[in-house]
Amino acid sequence: MLRAMEFGAAGLRILDQTRLPSRTEYRVLKTPGAVAAAIRRLAIRGAPAIGVAAAYGLALAVGPEMTLGRARSRLAAAAALLKSARPTAVNLAWAVERVLAEPQVAAAQDSAALSQALVAIAAAMEGEDRAFGQSIARHGARLLSGVRGVLTHCNTGALATAGPGTALAVILELWRQGERPAVFADETRPLLQGARLTSFELGAAGIPHQLLVDGAAAWLLAQGGIEAVIVGADRICRNGDVANKIGTYGLALAANAHGVPFYVAAPSSTFDPELARGDLIPIEQRAEAEVLEVGGRRQAPAGARAWNPAFDVTPAALVTAYITERGIVRCRGGRLVWPEAETPAGEVLS
Ligand code: MRU
């Protein structure tokens with residue numbers, strides 16, 4: 001399995017996703033500032049992955065030789081920096097706050113103990129995200145079993161998480177179980193996460209697939225044959241509204257217009273119980289150059305301006321179901337209904 005990141009004595013080693021698929025380049029990040037910068041420039045990206053990277057980023061703030069006072073003030077500064085790296089995916093702030101709230105962090109009596117605790121907590125979060133992805137894949141494959149064609153958007157696989165992924169992991173699991181749906185992936189303008197990264201992951205898994213320009217998705221759905229659309233999420237509000245990669249909302253509208261189920265696959269760390277509705281989600285605006293240029297070369301005429309929101313919000317009414325590590329969640333009467341229990345065999349009773 002591809003690994004987006006790996007923590008070791010030298011620092012946080014990440015696969016630089018801005019270079020894929022033409023180059024496989026790793027970078028070793030040694031400071032919280034370097035982790036925040038890598039998150040901002042999308043060298044590491046995807047909601048769960050940036051949460052885990054931020055947790056490791058906090059561990060990089062503290063050295064065992066520092067005074068405890070200095071270690072704690074560096075930790076606070078790193079937390080603020082990492083949380084502000086990108087605004088939309090709730091996993092980032094969630095991960096930072098969760099690390100700081102762990103009892104071992106408050107209890108540490110010296111910087112060596114604090115440093116050790118931070119690394120252990122980040123590693124536990126990485127392991128948890130991996131397990132969540134495996135569970136999402138299992139639940140999703142059961143739900144989508146039998147579909148003849150599936151369409152996805154952006155990149156939601158191993159590169160976007162610490163494990164097998166979310167939406168893409170469901171597709172991979174279907175194939176692993178011997179199902180053979182036709183797989184389609186939006187290229188995902190402007191940064192081409194679909195064309196560069198999802199296609200790379202599908203290719204590595206030996207899964208035949210076709211890319212399409214984002215503007216072709218509605219027309220593909222009109223042809224029939226696509227029996228499920230499945231995407232990931234950056235934040236899911238209390239009422240079920242979903243922020244995800246720009247283009248997701250249009251895809252959900254088109255899927256609904258053609259009677260195709262629209263699924264959102266995400267771990268519980270992507271659900272934001274603090275936020276009531278989607279219009280309250282901060283949407284990241286990125287540089288105009290991402291739209292005006294392709295591959296670093298200007299395409300638009302001089303003087304042209306661009307509007308470049310990185311995410312959009314899909315209303316809960318357009319979402320058929322949410323696939324989580326705890327099972328299938330549905331939105332009923334404006335609130336999310338979680339599965340009450342799972343049998344030991346992992347069967348969902350909802
Ligand atoms: O800007 P990106 O590439 O970080 O956006 C990623 C997405 O929108 C993904 O769909 C989302 O983070 C879920 S990743 C499992």
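These values consider heavy atoms only, across backbone and side chains, with no hydrogens, waters or symmetry-generated copies. What you are looking at is a predicted structure, and each value in this text was computed from that prediction instead of being measured. Counting starts at 1 for both ligands and their atoms, in listed order.
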Which pairs of nitrogen or oxygen atoms, taken one from ligand 1 and one from the protein, are under 3.5 angstrom apart?
residue	atom	partner	partner atom	Å
ligand 1	1 (O)	Arg86	NH1	3.4
ligand 1	1 (O)	Arg86	NH2	2.8
ligand 1	1 (O)	Lys245	NZ	2.8
ligand 1	3 (O)	Arg45	NE	2.5
ligand 1	3 (O)	Arg45	NH2	3.4
ligand 1	3 (O)	Gln193	NE2	2.9
ligand 1	4 (O)	Gly46	N	3.1
ligand 1	4 (O)	Arg86	NH1	2.8
ligand 1	8 (O)	Asp234	OD1	2.8
ligand 1	8 (O)	Asn244	OD1	3.1
ligand 1	8 (O)	Lys245	N	3.2
ligand 1	10 (O)	Asn244	OD1	2.6
ligand 1	12 (O)	Ala47	N	2.9
ligand 1	12 (O)	Asp234	OD1	3.2
ligand 1	12 (O)	Asp234	OD2	3.0

#### Entry: Residues that Thr314 engages under side-chain hydrogen bond (donor to acceptor under 3.5 Å, both in side chains), provided they are two or more places apart
none
### Query
What pairs with Arg40 under salt bridge (charged side-chain N to carboxylate O under 4.0 Å, His left out), at least two apart in sequence or on another chain?
none
### Task
Show the numbers, then the answer: is there a salt bridge (Lys or Arg N to Asp or Glu O under 4.0 Å) between Arg138 and Glu173?
CA-CA 7 Å; Arg138 220 180 58 229; Glu173 179 63 16; over 6 Å; no
#### Entry: Check: Thr88/Asp234 side-chain N/O donor and acceptor closer than 3.5 Å
no
### Query
Taking only residues at least two apart or on different chains, which pairs with a member in residues 260-311 satisfy ring pair (Phe, Tyr, Trp, His ring centres under 6.0 Å)?
Phe271-Trp338
### Task
Using distance alone, with no hydrogens and no angle criterion, decide if Ser268 and Glu325 have a side-chain donor and acceptor under 3.5 Å apart.
yes
